[in-house]
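Below, chains carry the letters A, B, ... as their sequence lines are ordered, and counting in each starts from 1. All heavy atoms count here, side chains included; hydrogens, waters and symmetry mates do not.
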Protein chains: 2
Amino acid sequence: MTLNQMPTLRTRTPRKKAGGQALPRQQFKDLAAFDRRAQLLEVSAQLFSEFGFESTTIRQIADRADFLPGSLYYYFRSKEEILHEIIQEPVSKTSRDNLRISSLNFDAEHRLIANIIARLYRFLKNGAAFTILQNDRKFLSGHGDFEYVEAVKNKSIELLQSTLNDGMQTGLFRKGIDTSLMIGAISRMLSSAASLFRSGDIVSMDNSLSYPLDNVVDFYLDCILRMVRASSRVDDPIPRAICQELMVGD
Amino acid sequence: MTLNQMPTLRTRTPRKKAGGQALPRQQFKDLAAFDRRAQLLEVSAQLFSEFGFESTTIRQIADRADFLPGSLYYYFRSKEEILHEIIQEPVSKTSRDNLRISSLNFDAEHRLIANIIARLYRFLKNGAAFTILQNDRKFLSGHGDFEYVEAVKNKSIELLQSTLNDGMQTGLFRKGIDTSLMIGAISRMLSSAASLFRSGDIVSMDNSLSYPLDNVVDFYLDCILRMVRASSRVDDPIPRAICQELMVGD
DNA sequence: GTCTATACAGTGATAGAC
DNA sequence: GTCTATCACTGTATAGAC
């Protein structure tokens, strides 16, 4: 299943402006309400990630969701509330990933790999949200209501930093890596995966035909390990499987 | 000299609203006009790169340049014209870099290194413009008037692609690199340098005290070569000097 | 739960005084 | 060459009919 084919419930009927008989769905009222909200969130995430939060207008969102602009405010108090709902969960899941990984009894290389796989996994499951976090970071960081985003980002950096330092000390990684530069390089590099995953032609992890996705994960693991590993270890196998189990059960 | 300390002629006098005696600068009329324009371009580039083109308003630009909004239109026909003037030269210089590099009689590794150095050099000389090209690529690509940007980007990708293929065939690079993924990874990675250069604490190339900058260039060369080189060559010296000469004389 | 209608601030841009 | 004043438009958001 590609990401673009997820069950979006995008009821693309041409919107019967008038005279349409009332649909007999009273019994699904709550479900319908939930779906509508979810649909609005998905449409918004799509647009925000594509054009940027500030450049996306309420009218654009309403158009795509077959709404009129005013009706959005039945579900959300403001445009910013929509953004919050889009990014809150991905951010808090990232935070939990960080905690889980830093509490592992693995060596630095395993923790680095687990970190990378976790990030790629989050990108895959929620590419739009992470694209927004990446592209609109200026807006988010300058805005008090989104401080929790910055906080988690800082924690992620700390985790990577300590992992790199640990690896250098134990000899798994080459000496003399500039950790600040390396963290920036790795982060940007991985962010190129987010757009990849959102292009739609990569297969999910759960799928038995997950060859293409595995390819992508292998690619990034390979590249990053080549950058940090001690020269004598560049051709060592990559212990991916053991790290991957971390993500089971979300 | 740090980038932030370049001679910007930012005449930060508190703007004498009224009663100021006329400055005796008739003889510098043309020069003054040029400087004003240049100042506006620099202020705009700064703001566009920081907040995004669409999110930056004419009034913000006017404020920072000690203008009133309407006066901007004496120098520029539109906001978009400002953007054009900011990015046109950097883009065309990038294009020339590409041509120069692809016409070299160097092997693939040397061409790759020259490519990286050229990009970093452009980032250094014009960080704001390249940040805009990076951050607002969605706007630029969806806009007919900026097709030349996309064209140069595509050429850059082609150059990298042929360089990587060449290197794999001649055995300088390891076999089986996914060139599409690798180009994306390298591009994003290098883009992290643009923001670095703009943070202001990196020293220019011309400067004899250019230690920090050299450090950064070395870092990226090292990382990228580790990603692409055949395993047997990861510890070979990096022939940087010979490639660097390409950039002399802009 | 959705629509109509609209308030109100902010946007890019213009015309004409100085 | 810069300012004043203002236009037409688009932005988010609200109130109330249905």
Trainee: Examine A:Y148 together with A:H84 and report whether their ring centres are nearer than 6.0 Å.
Mentor: yes

Trainee: Does the side chain of A:R119 reach to within under 4.5 Å of the side chain of A:S187, using non-hydrogen atoms?
Mentor: yes

Trainee: Give a yes or no on whether A:K153 atom NZ has more than 12 heavy-atom contacts from other residues, nucleotides or ligands under 6.0 Å away.
Mentor: yes

Trainee: How long is the line joining CG of A:L68 and C1' of D:dT12, in whole Å?
Mentor: 15 Å

Trainee: Is the number of heavy atoms from other residues, nucleotides or ligands within 6.0 Å of CD (A:E147) greater than 12?
Mentor: no

Trainee: For a side chain to side chain contact (heavy atoms under 4.5 Å, CB included) check, start with the C-alpha distance between B:F67 and B:Y75, then their side-chain angles and the critical distance, and finish with the verdict.
Mentor: CA-CA 12 Å; B:F67 263 60; B:Y75 294 101; 3.7 Å; yes

Trainee: Nearest 0.5 Å, please: how far is CG in B:L190 from SG in B:C223?
Mentor: 10.0 Å

Trainee: Grab the CZ-C1' distance between A:F48 and D:dG11 for me, whole Å please.
Mentor: 13 Å

Trainee: Looking only at the side chains, is there a donor atom on one of A:S195 and B:R188 sitting less than 3.5 Å from an acceptor on the other?
Mentor: yes

Trainee: To the nearest angstrom, how far is B:I61 atom CD1 from D:dT2 atom C1'?
Mentor: 17 Å

Trainee: Quickly work out the A:F76 CZ to C:dT2 C1' distance and round it to whole Å.
Mentor: 15 Å

Trainee: Would you give a per-nucleotide map of nucleotides 6-13 of chain C, 5' to 3', where B means the base has a protein non-hydrogen atom under 4.0 Å away, S means only the sugar-phosphate does, and - means neither?
Mentor: -----BBB

Trainee: Using whole Å, report how far CG of B:L72 lies from P of D:dG1.
Mentor: 15 Å

Trainee: Send over the distance from A:E81 CD to D:dT14 C1', rounded to a whole Å.
Mentor: 15 Å

Trainee: Between D:dT2 and B:R36, is there an OP1 or OP2 to side-chain N/O distance shorter than 4.0 Å?
Mentor: yes

Trainee: Is it true that A:R198 and A:S49 share a donor-acceptor pair across their side chains at a distance under 3.5 Å?
Mentor: yes

Trainee: Check nucleotides 16-18 of chain C against the protein and report each pair of N or O atoms closer than 3.5 Å, with its distance, or say if there are none.
Mentor:
none

Trainee: Measure CG/A:D66 against P/C:dG1 and give the value in whole Å, please.
Mentor: 18 Å

Trainee: Return a table of donor-acceptor pairs under 3.5 angstrom between the side chains of residues 85-92 of chain B and protein atoms on other chains or two or more places apart.
Mentor:
residue : atom : partner : partner atom : Å
B:E85   : OE1  : B:R37   : NH2          : 2.8
B:E85   : OE2  : B:R37   : NH2          : 2.2
B:E89   : OE2  : B:K93   : NZ           : 3.2
B:S92   : OG   : B:E89   : O            : 3.2

Trainee: Below the 4.0 Å mark, does D:dT2 have OP1 or OP2 next to a side-chain nitrogen or oxygen of B:Y74?
Mentor: no

